[in-house]
Structure formats: structure tokens, C-alpha cells
Novice: 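Pasting a structure here, questions to come.
Values reported hereafter were calculated over all heavy atoms of this structure, with side chains retained and with hydrogens, waters and symmetry mates removed. Just so we're on the same page: letters track the sequence lines, and every chain starts at 1. Computed from a predicted model, the values in this text were never measured in an experiment.
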2 protein chains.
Amino acid sequence: MARRPGTQRIGIADVATRAGVSHATVSRVMNGNFTVDPEIAARVRTAAAELNYQPNPVGRSLALGRTDTIGIVVPDLANPTFQAILRGLSMAAAQDGYRVLIADSSEVSSEEAILAGEARRRCDGVVLCAPRMSDAELEELAPSLHPMVLINRSTDAAQTPSLMVDYGLGIQELARHLVDLGHRKLAFLSGPERSASNAQRLVGLDKFRTDHPEIQLEILPGGSNFDSGHESAEAILASGATGILAFNDLVAMGLLSGLHERGVRVPEDMSITGFDDIPFARYTTPPLTTAAVPITELGDLAWRRMRELIQNKDAEAPRNTFQPQVEVRGSTGPAKA
Amino acid sequence: MARRPGTQRIGIADVATRAGVSHATVSRVMNGNFTVDPEIAARVRTAAAELNYQPNPVGRSLALGRTDTIGIVVPDLANPTFQAILRGLSMAAAQDGYRVLIADSSEVSSEEAILAGEARRRCDGVVLCAPRMSDAELEELAPSLHPMVLINRSTDAAQTPSLMVDYGLGIQELARHLVDLGHRKLAFLSGPERSASNAQRLVGLDKFRTDHPEIQLEILPGGSNFDSGHESAEAILASGATGILAFNDLVAMGLLSGLHERGVRVPEDMSITGFDDIPFARYTTPPLTTAAVPITELGDLAWRRMRELIQNKDAEAPRNTFQPQVEVRGSTGPAKA
DNA sequence: AGAATTTGAGAAAGCGTTTTCTCGAAGCGT
DNA sequence: ACGCTTCGAGAAAACGCTTTCTCAAATTCT
């Protein structure tokens with residue numbers, strides 16, 4: 001091994017030499033071990049300062065068996081929801097001296113297991129954000145990924161905390177809101193095939209159907225981003241519905257834009273709801289009625305759960321469920337007579 | 001060192017034992033070294049597969065002296081501009097098997113050097129995104145951070161590629177646009193004190209002033225986020241200006257909202273411009289006139305530069321400058337008579 | 001067939017730390 | 001003053017891998 005020939009980054013050995021002690025002693029001093037003579041400790045410290053020594057984290061990680069890093073796997077980093085979760089997670093983790101490594105699966109569910117495994121090997125834990133993989137895969141993968149925290153998903157695998165949002169309830173409340181406004185023909189513009197939160201919405205809407213047999217509700221295929229909403233404008237018009245439940249805010253915004261291009265007025269001709277309450281939902285034209293989810297807090301809490309798991313591998317794994325809050329804004333209005 | 005007592009993650013030694021070879025041979029097989037007998041290589045491969053062996057990246061990093069990870073330091077992860085850069089960087093890096101580690105300095109310039117140093121030690125390189133530190137600090141830090149790529153900043157330090165945006169030009173074009181619409185009293189809502197791109201805008205506006213001595217232009221203190229724009233509504237009104245150049249889209253949107261609350265109509269009473277063209281700029285009420293910057297491409301290019309630096313430490317360090325493109329939308333209109 | 005060469009794989013060193021082990025020196029009591 | 005404990009620091013092992021070094025076996029050449 002002679003990768004680097006001569007001089008390079010200064011290491012613990014250099015400090016040891018300069019201070020005239022062994023590297024073991026330097027290590028002791030750097031880690032605040034008090035079994036070192038104060039006079040020697042001071043000598044080590046000045047030597048370290050003079051050389052501007054900073055321990056190599058890789059060597060440290062190898063010896064310590066931890067990296068002070070956690071990974072997060074998201075389906076799409078372009079989605080403001082996941083951006084907000086990432087931010088909450090990153091800020092909270094940084095507070096405790098941890099960094100976060102990101103992996104974007106680009107909505108390809110087969111990539112998730114690979115990315116998650118890779119991330120886990122590099123990190124002390126991994127947060128899976130709205131994974132698209134099947135329940136079976138998730139449960140099988142869980143043990144090898146532990147410590148792991150799930151967002152928008154749960155599993156029966158042991159010791160896996162879950163942060164859930166009650167999308168089923170939220171979508172029902174939005175539907176009810178539309179019904180209260182007089183809408184009788186609704187349409188749901190659904191999300192990614194493999195999204196668990198989409199499935200929850202569908203279950204919620206099933207319930208809604210039995211509660212409101214008088215209401216017509218059509219389910220249309222869709223996606224999770226702006227473009228898929230935009231492309232669905234035609235299908236939405238064809239459906240004849242006047243109250244539209246979009247999968248999320250992004251889809252709603254795309255739809256808003258697509259409808260605007262076709263001269264459809266919102267909310268006069270058609271009412272539209274989103275989901276998540278991303279930061280920009282209130283600044284669309286018109287402002288978006290949506291179901292608010294505390295996304296940044298989700299990231300924050302994900303870190304707290306992760307910390308518990310890291311500190312105590314046998315920690316219990318609670319499931320938290322957040323209730324979305326309907327935010328009525330300008331994109332919904334009374335149905336036309 | 002007996003951190004973990006008994007059984008744990010399986011390592012190269014387990015594979016070696018099972019295949020009846022030395023770990024050196026396992027390593028050779030795993031790394032595609034062809035000086036291994038095909039028959040033995042096959043035995044190793046099946047052993048590895050049966051044990052589901054995955055090399056430990058930390059051990060690997062220590063031996064190889066590289067981590068296949070790069071760091072990025074941003075002033076504020078809540079800012080869509082930096083989110084987009086991060087995304088571009090992450091996607092491009094992932095393409096080449098690299099991961100990205102994030103660090104958010106929360107606009108605290110004194111944290112940047114620490115975060116960047118820490119990131120650099122953990123990673124093979126670091127991208128500094130719109131650093132707030134002084135030129136002197138930046139130049140002093142550069143050698144210890146190499147390979148490093150700068151975004152929205154440049155330095156005289158050797159081998160430091162820079163990706164720049166000509167904010168000075170962009171802001172002049174926006175100002176000219178407002179003048180063309182008949183505005184005679186302009187105001188610039190400035191950004192963070194330490195932002196280099198803000199300084200560039202100010203230089204551009206100085207030039208604008210000499211080119212258009214007949215135009216009144218006031219500089220107001222501000223910030224970089226939605227709230228600071230919102231809070232500036234009062235000061236903007238007090239200035240008497242009818243054409244407002246906001247530091248960026250976020251500030252413009254906050255201002256839009258603040259003005260709306262005060263019953264000011266945009267663009268009838270006042271024209272507003274943003275900067276960056278974040279994805280949501282076109283969906284505000286009214287849609288925001290702004291200067292578009294190819295932010296995702298910036299991240300993408302940052303990775304390409306980084307890759308050049310990693311592959312060839314003596315690579316030259318070009319400076320790319322992007323020209324913002326004025327996007328005229330609904331937030332600007334003719335000045336009132 | 002014997003010497004020279006090539007091939008292939010194990011032994012071992014090295015990457016930069018932390019931590020256990022070990023042992024000399026100092027401190028204590030009697 | 002002697003044996004006991006305590007203290008402090010160096011030596012060395014360990015973390016998990018890659019790669020050089022080394023040498024036996026197989027191959028080639030004369």
C-alpha cells in the first residue's frame with residue numbers, strides 16, 4: 001500500500017511525534033480521557049493546535065463502528081414534501097452532530113432496496129421516506145436495515161418506528177368539504193401506483209362512498225408531480241366532475257395550470273383540492289384548498305426516533321399518526337347550479 | 001477492542017472461510033482482479049452470494065483513501081434554489097456511483113468553514129454553494145478543501161472551478177424592463193448582507209444608475225426568504241417606488257403576499273420582479289416576472305467539475321458564467337399615469 | 001530434463017483511529 | 001524500608017478492507 005508517496009494529510013502520528021508521546025496518548029487526549037497527566041495533555045493539545053490536526057473520520061468510524069451519519073431514501077427529491085422532510089431531518093440531526101446522506105430512488109421501487117442497503121452500510125441508520133416497495137419486501141428488508149425509521153409507511157418487522165399521516169381521513173374530509181359546497185360529481189386524481197399513501201386515500205374514498213352513496217366519485221389514474229396533473233386536465237374535463245381531489249398539491253397545481261389553459265375557471269367552474277400544504281400551496285392562483293400535513297416536523301420527529309434507536313438498540317418502536325388539517329382556500333367554491 | 005461481542009455483520013473473513021481461501025483472494029475476486037483461477041473465483045462468488053456478503057464501505061474507504069461521497073454546504077436548505085442545486089448535484093453524482101452528504105449553515109457564515117472542513121474530511125470533495133464567508137477566508141480555506149467546486153462565488157485560489165451567474169446583468173435587465181414599462185421610481189429589496197450574489201446585484205444596479213440618471217432607485221435592506229419579503233411590504237410602500245426589484249423569487253412572493261394584504265394591486269399599482277425562476281414562480285398570483293437561472297443544471301455541472309477534479313487532481317479549473325434570462329409574466333405592468 | 005519464466009494465492013503490511021493490555025514508576029500504609 | 005495499590009503511558013491488537021510482497025507450483029524454453 002503506497003497509494004500516496006510522500007507527505008499528505010497530517011495524522012495522529014504526527015501529533016504524537018511532535019508532542020513526544022505515543023499516538024495512544026494523543027487519542028486519549030483528543031477524546032477527553034482524563035487518565036492523562038495534565039502537563040502532557042497540554043503538550044498534546046498545543047501540538048495538535050500547531051499542526052491543525054483533525055482526526056480522520058474514516059479511521060475513527062472504523063474503530064468506533066459508527067459514522068455519525070444517517071441516510072435517507074426518498075422517491076423524488078424534486079417533490080417539496082420530501083424536500084421539507086429532508087430539511088427537518090437534516091436540521092434535527094445536525095443538532096446532535098449527525099450528518100445526512102441522501103439517496104433518490106426516482107420512484108423506481110426496485111432501486112429502493114439497493115439504495116437503502118447501501119446507505120445503511122455507510123451510515124448508522126436509515127430513514128425510508130414513503131417507500132414504494134411491497135409490504136413483504138419492506139418487512140424482509142427491515143432487519144438488515146435496522147436502525148430504520150419509516151415515514152408514510154409501517155411494517156410488522158420489530159423495532160421499526162413509523163411516522164404516519166392519516167391520508168384516508170384527510171381525503172374524506174376534503175371530499176366532505178366539496179360535498180358541503182354542493183358538488184355531486186367528484187373525481188380523484190390518483191397518485192403513483194405503488195404509493196402506500198395513495199392506497200390509503202383510496203381506502204378513505206371507499207369509506208366515503210359508502211357514507212355518501214348519493215355522490216358520484218370517479219377514480220382517475222395520475223402521478224405525483226406537476227406534469228402529471230397538467231396532463232390530466234383533459235381527462236378531468238371528460239369526467240364531468242366538478243369537484244376534483246388531486247393526489248397532492250403538486251398535482252393540483254399542474255391541474256390548475258392545465259385547466260387555466262383550457263379556459264376553465266377555478267373555483268367558479270370547478271373546485272380543486274390538493275394535499276400536504278406545501279409552502280407554495282397558498283400562493284397559487286387561486287390559493288389551494290388542501291389538507292395540511294406537518295411535513296418538516298415529520299423529518300424532525302424521524303430524527304428523534306432514529307436517535308432513540310441508535311442510543312438504545314432495544315428501544316420500543318412507536319407508531320405516530322398525524323391528522324391532516326383541512327385548509328380551505330380559494331380553489332374550492334360552491335358548485336354551479 | 002471488543003465493542004461487539006459475538007456474531008455480527010458478516011465480513012470478508014467469513015466469505016474466505018466458507019470458500020476455503022484467504023481474504024486476499026476474496027478481495028481480488030470482489031474487485032474483478034483477473035489473476036484468480038476461474039474455478040476459485042466461482043467458489044468465492046457463490047460463497048459471497050450465499051452469505052449475502054457486501055463489503056464494508058468504511059473499511060474500504062480507509063484502505064482506498066476515498067469515500068465515494070461528496071459534500072455540499074448550503075446557506076439554507078429551505079430555499080428552493082439550493083434545493084434544486086442539491087437535486088441536480090445528487091442526481092448527477094448518483095449516476096457515477098457517488099452519494100452526497102448535506103450540510104446547512106443556516107446563513108451563519110462562521111459555521112461554513114467548520115461544516116465545509118468536516119464535510120471535506122468525510123468526503124472526496126466538497127461543493128460550496130453561495131458561501132457567505134469573505135473572499136479572504138474563502139481563499140485561505142480553498143487549499144485545505146480541494147477538490148472543491150464553488151457555486152455563485154469565485155476565488156483566486158488555484159484549481160477551484162466556479163459556476164457563476166451574472167446577477168449584475170440580470171438585475172439590470174429587469175430594471176430596464178421596468179423602465180420600459182414606464183416606471184421612474186424603482187426600489188431594490190436587497191438580500192443577505194454577506195451574499196456575494198447580492199453584491200453583484202448592487203454593482204449591476206450602480207451601473208444601471210449611471211446608464212439611467214433620470215431614474216430614481218432606492219436600496220432597501222431585506223433578506224432571502226419569504227418572510228423577509230413579507231415584512232418589507234410597509235417599507236416598500238413608504239418608499240413610493242412603483243417598480244420593485246426583489247432579491248429573489250421567494251422575497252418577491254413574500255412581498256406579493258404582504259402587499260396583497262394591504263390592498264395593493266399587482267401589477268396595476270405596483271410592479272414586482274423576482275430572481276431565479278424557481279419552479280413555483282409561474283404559479284403565483286400574478287405569475288412572477290423574474291430572471292431565470294438554470295439552477296438544476298448548475299448542480300449537474302457542479303458534479304461534472306467535481307468529477308474532473310477527483311479523477312485528475314491537476315485538472316484545470318474553469319469558470320462558467322450563466323446569463324440569466326428575463327421571463328416576463330404577470331407581476332409587472334405599465335406604470336400608472 | 002533442468003533452468004528460466006510465468007501464474008496464482010497466501011502472508012502480511014498498511015490505511016488512521018480507539019481501546020485493551022501490560023508494565024514501570026510513583027504513592028500509600030505499616 | 002518493604003510490599004501493596006494506583007496511576008499513567010507505551011505497545012499492540014482490533015476495526016474491515018486493499019495491495020504489495022513472497023514463494024510454491026505450473027508452465028515454457030533450450
Novice: So for the helix from dA1(C)-dT30(D) to dT30(C)-dA1(D), with five pairs setting each end axis, what is the inter-axis angle to 10°?
Specialist: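 Roughly 50°, once rounded to the nearest ten degrees.
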Novice: Please list all pairs passing the salt bridge (charged side-chain N to carboxylate O under 4.0 Å, His left out) test where one or both residues lie in residues 71-91 of chain A, with sequence neighbours left out.
Specialist: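 Every candidate salt bridge (charged side-chain N to carboxylate O under 4.0 Å, His left out) pair involving residues 71-91 of chain A fails, so no pair, neighbours aside, qualifies.
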Novice: Under 3.5 Å, is there a donor-acceptor pair between the side chain of R153(B) and the main chain of S197(B)?
Specialist: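 Looks like no, no N/O pair under 3.5 Å.
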Novice: Taking atom C1' of dC15(D) as reference, at what distance in whole Å does atom CG of L62(A) sit?
Specialist: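 Rounded to the whole Å, the gap is 4 Å.
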Novice: Taking only residues two or more places apart in sequence or in another chain, which ones pass salt bridge (Lys or Arg N to Asp or Glu O under 4.0 Å) with R18(A)?
Specialist: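 Once residues adjacent in sequence are excluded, the partners of R18(A) under the salt bridge (Lys or Arg N to Asp or Glu O under 4.0 Å) criterion are E50(A).
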Novice: Between dG16(C) atom C1' and R121(B) atom CZ, what is the distance in whole Å?
Specialist: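 From R121(B) CZ to dG16(C) C1': 14 Å.
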Novice: Taking only residues two or more places apart in sequence or in another chain, which ones pass ring pair (Phe, Tyr, Trp, His ring centres under 6.0 Å) with Y98(A)?
Specialist: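 For Y98(A) the ring pair (Phe, Tyr, Trp, His ring centres under 6.0 Å) partners, ignoring immediate neighbours, are W303(A).
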Novice: Only counting residues at least two apart or in another chain, list the ones meeting salt bridge (Lys or Arg N to Asp or Glu O under 4.0 Å) with D300(A).
Specialist: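 R304(A).
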Novice: What is the distance, to the nearest angstrom, from the CG atom on N56(B) to the C1' atom on dG16(D)?
Specialist: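 Rounded to whole Å, this separation is 6 Å.
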Novice: What salt bridge (charged side-chain N to carboxylate O under 4.0 Å, His left out) pairs are there with at least one residue in residues 28-39 of chain A, not counting sequence neighbours?
Specialist: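 Salt bridge (charged side-chain N to carboxylate O under 4.0 Å, His left out) check on residues 28-39 of chain A returns E39(A)-R43(A).
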Novice: Verify whether one side chain among R60(A) and N31(A) offers a donor that lies under 3.5 Å from an acceptor in the other.
Specialist: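 Present: a donor and an acceptor within the cut-off.
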Novice: When we call it a touch if two heavy atoms are under 4.0 Å apart, what does V58(B) touch: a base, just sugar-phosphate, or nothing?
Specialist: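 The answer is nothing, as V58(B) stays clear of every strand by at least 4.0 Å.
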Novice: The side chain of A24(A) lies closest to which of these nucleotides: dT19(C), dT18(D), dA11(C)?
Specialist: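 Nearest to the side-chain atoms of A24(A), counting from C-beta on, is dT19(C).
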Novice: In residues 27-47 of chain B, which residues come under 4.0 Å of DNA chain C by heavy atom?
Specialist: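 Residues of residues 27-47 of chain B under 4.0 Å from DNA chain C: R28(B), T35(B), V36(B), D37(B), I40(B).
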Novice: Answer yes or no: does a side-chain N or O of Y53(A) lie under 4.0 Å from OP1 or OP2 of dT17(C)?
Specialist: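 For dT17(C), OP1/OP2 do have a side-chain N/O of Y53(A) under 4.0 Å.
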Novice: Please state how far atom NE2 in H23(A) lies from atom P in dA14(D), giving the value in whole angstrom units.
Specialist: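 Roughly 15 Å, once rounded to whole Å.
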Novice: Given atom CD1 of I12(A) and atom P of dA11(D), what is their separation to the nearest angstrom?
Specialist: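 For the pair I12(A) CD1 and dA11(D) P, the rounded distance is 14 Å.
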Novice: Identify, with sequence neighbours excluded, every residue that meets side chain to side chain donor-acceptor pair (under 3.5 Å) alongside D124(A).
Specialist: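 Partners of D124(A) under the side chain to side chain donor-acceptor pair (under 3.5 Å) test: T67(A).
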Novice: Please report the distance, rounded to the nearest Å, between CG in D68(A) and P in dT17(C).
Specialist: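 Distance, rounded to whole Å: 15 Å.
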Novice: With sequence neighbours excluded, what pairs up with E111(B) under the salt bridge (Lys or Arg N to Asp or Glu O under 4.0 Å) test?
Specialist: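 In terms of salt bridge (Lys or Arg N to Asp or Glu O under 4.0 Å), with neighbours along the sequence ignored, E111(B) is linked to no residue.
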Novice: Could you state the CZ-P distance from R122(A) to dC17(D), rounded to the nearest angstrom?
Specialist: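 Spelled out: CZ on R122(A) to P on dC17(D) is 14 Å.
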